[in-house]
Trainee: 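I'd like to ask some things about the structure below.
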2 protein chains.
Amino acid sequence: MTASSPDRPDPRSRRARLRALETASDLFYANGVRAVGMEQIVEESGVAKTTIYRHFPTKDALIEAFLKKEDAEFWSQWDAVIGTATTSMGQIEALCDWIGKRVRRNGYRGCPQLNVAAEFADRAHPARLVARQHKAEMHRRLEAICAHGGVVHPETTAMQIALLFDGAFMSDGRLNAYDAPALLEHAAVLLIGGGRERPDKGASAELA
Amino acid sequence: MTASSPDRPDPRSRRARLRALETASDLFYANGVRAVGMEQIVEESGVAKTTIYRHFPTKDALIEAFLKKEDAEFWSQWDAVIGTATTSMGQIEALCDWIGKRVRRNGYRGCPQLNVAAEFADRAHPARLVARQHKAEMHRRLEAICAHGGVVHPETTAMQIALLFDGAFMSDGRLNAYDAPALLEHAAVLLIGGGRERPDKGASAELA
DNA sequence: ATTCTCCGCTACCGATCAGTATCGTTTGAC
DNA sequence: GTCAAACGATACTGATCGGTAGCGGAGAAT
């Protein structure tokens, strides 16, 4: 029961844990969690297998830690992005710009939360819980921005934008043929603009 | 090289192949392709392992056949759906209604093409080729509808709607709290309505 | 009725999987 | 300088992986 407490550990312990988690995260993201074996993480990180299992009781726990790490880094960047704008629309545009650039980075391979969720059928899997909380948090934040911007039904508009973002995350290079930031911004502006009017549709011009 | 030709086979051969592929497809979709072993497919389908490998040289080929089957069934339903409407906007609304209902079906677990793509890092994997072609086909069809509906930049608007759809596919139950068909229809109408005007933004009202 | 094809079955292959045991060594804390 | 804690290394477990070999039997074609 002398399990290594996460708080106040040996500096060696901290470093080993960090290196293992960082290596695992890179491998998991680049290859998919099921395709990466524990031995591979051992070899690439230089951390002994026994040490990894001292910090993470199972591979599933390591995967869960991977997603929590991705989650934290994602919101950290998110906060930095929206910090560059003062208006709601400006924040949404900044987010679109960020995402549009993010999805065309080298080695980008989709949303890690969605990718992992696709690999595990069990909705009660700890990693799937993290993924659901991550997506709920995104909706919550988008809803707050929409509400602050005067959107009539902020939760609905926020969900529409969230779907747009998730689609962009999973676009697998298809957006590279476009100006992704502009495409996303244009779409988001339309969704928010439409959300400021009464949502009982109607008024939209009919098409042939 | 007396490989079983796909055309004009024994009825026994046809049935074995069909049962193997159907069982594999169900298992692959429900659990993820890497989580399903060949032995499991053998047990659940009643088709011998040797027979499966006579029809599909590798597991990867079986996965590829699974995605091609999903692709064919998807477009079959798609055609039936858009056949119920006469106008472009009517077709888009019908598609939104179809997708909104589809994603809340029991056992729905996201887009099989995106799910499989998430499991293989190699972009040259045969299954990833099928997935890319599937998404390209969706964009092509949406673009045709948009163009016919008088949208100024049909390929851009089609991409925006495609992202919306993919987001809905991967929404993992988050849409169950909403009227998914209405939410998608509303979003699609806004995207198309905005696409009919000059796309050099501007005009959209500024938010606080 | 014979033949030829394809089936299902059992057993097996080497490789890899997640996870554990043991042990000697390093290292921060006091 | 001593001690306890956490490290790295090696070796191993039983299970499972994708894929193959060899068999006997069923069924369609002639």
Side-chain angles (χ1 to χ4, degrees), chain A residues 1-24 27-28 31-66 116 119-122 125-127, chain B residues 1-24 27-28 31-66 116 119-122 125-127:
Chain A
M1 313 321 170
T2 60
S4 68
S5 58
D7 44 337
R8 226 193 156 305
D10 252 329
R12 303 172 284 168
S13 181
R14 276 184 52 95
R15 269 185 46 232
R17 187 196 146 98
L18 192 73
R19 276 178 32 92
L21 180 55
E22 275 182 352
T23 303
L27 290 173
F28 283 159
N31 302 102
V33 293
R34 285 198 122 109
V36 176
M38 295 299 290
E39 309 261 22
Q40 192 180 348
I41 299 173
V42 169
E43 290 165 10
E44 203 137 329
S45 69
V47 180
K49 194 189 267 193
T50 32
T51 302
I52 297 179
Y53 275 97
R54 220 169 273 135
H55 287 287
F56 307 96
T58 63
K59 186 187 179 183
D60 281 347
L62 184 56
I63 295 169
E64 182 188 4
F66 155 56
V116 170
E119 293 208 57
F120 294 102
D122 182 10
H125 190 290
Chain B
M1 309 331 174
T2 60
S4 67
S5 58
D7 45 336
R8 227 196 151 303
D10 251 328
R12 301 174 283 167
S13 181
R14 276 185 51 95
R15 271 186 44 232
R17 186 195 145 98
L18 192 72
R19 279 187 24 97
L21 180 54
E22 276 182 352
T23 303
L27 290 174
F28 283 159
N31 302 101
V33 293
R34 284 198 123 109
V36 176
M38 295 300 289
E39 309 261 20
Q40 191 181 349
I41 300 173
V42 169
E43 291 165 10
E44 203 137 328
S45 69
V47 179
K49 194 190 265 193
T50 33
T51 302
I52 297 179
Y53 276 97
R54 220 168 272 134
H55 288 287
F56 307 95
T58 63
K59 186 188 179 185
D60 282 347
L62 184 56
I63 295 170
E64 182 187 6
F66 155 56
V116 170
E119 294 208 56
F120 294 102
D122 182 11
H125 190 289

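In what follows, every chain begins at residue 1, and chains take the letters A, B, ... in the order their sequences are listed.
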Trainee: Send over the distance from A/Q40 CD to D/dC17 P, rounded to a whole Å.
Mentor: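 The distance from CD of A/Q40 to P of D/dC17 comes to 19 Å, rounded to the nearest Å.
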Trainee: Between D/dG8 atom C1' and A/E43 atom CD, what is the distance in whole Å?
Mentor: 14 Å
Trainee: With a 4.5 Å limit on heavy-atom distance, are the side chains of A/D60 and A/E64 in contact?
Mentor: no
Trainee: Please give, in whole Å, the distance from D/dA6 P to A/L18 CG?
Mentor: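 Rounding to the nearest Å, CG of A/L18 and P of D/dA6 are 17 Å apart.
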Trainee: For B/E119 and B/G32, indicate whether the former's side chain and the latter's backbone hold a donor-acceptor pair under 3.5 Å.
Mentor: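 Side chain of B/E119 to backbone of B/G32, a donor-acceptor pair under 3.5 Å: no, none is there.
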Trainee: Tell me every residue that passes side chain to side chain contact (heavy atoms under 4.5 Å, CB included) with B/E43, counting only those two or more places apart in sequence or in another chain.
Mentor: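 B/E43 satisfies side chain to side chain contact (heavy atoms under 4.5 Å, CB included) with no other residue.
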Trainee: Atom CE of B/M38 to atom C1' of D/dT20: distance rounded to whole Å?
Mentor: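 Taking atom C1' of D/dT20 as the reference, CE of B/M38 is at 12 Å.
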Trainee: Please produce a list of atom pairs where a protein N or O lies less than 3.5 Å from an N or O of nucleotides 7-14 of chain C.
Mentor:
| residue | atom | partner | partner atom | Å |
| --- | --- | --- | --- | --- |
| C/dC7 | OP1 | B/S13 | OG | 3.3 |
| C/dC7 | OP1 | B/H55 | NE2 | 3.0 |
| C/dC7 | OP2 | B/R54 | NH1 | 3.1 |
| C/dG8 | OP2 | B/A48 | N | 3.4 |
| C/dG8 | OP2 | B/T51 | OG1 | 2.7 |
| C/dC9 | N4 | B/T50 | OG1 | 2.8 |

Trainee: A/F56 CZ to D/dA6 P: how many Å, rounded?
Mentor: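 Checked: the CZ to P distance equals 15 Å.
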Trainee: Do the non-hydrogen side-chain atoms of B/M38 and B/I41 ever get within less than 4.5 Å of each other?
Mentor: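 Yes; the side chains approach each other to less than 4.5 Å.
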Trainee: How many whole angstroms separate atom CD1 of B/I41 from atom C1' of D/dC17?
Mentor: 12 Å
Trainee: Which residue is it: B/V116, B/L62, B/L21, B/T23? I am looking for the one with a side-chain contact (heavy atoms from CB on, under 4.5 Å) to B/F28.
Mentor: B/L62
Trainee: Listed by chain and number, what are the side-chain hydrogen bond (donor to acceptor under 3.5 Å, both in side chains) partners of A/N31, not counting sequence neighbours?
Mentor: none
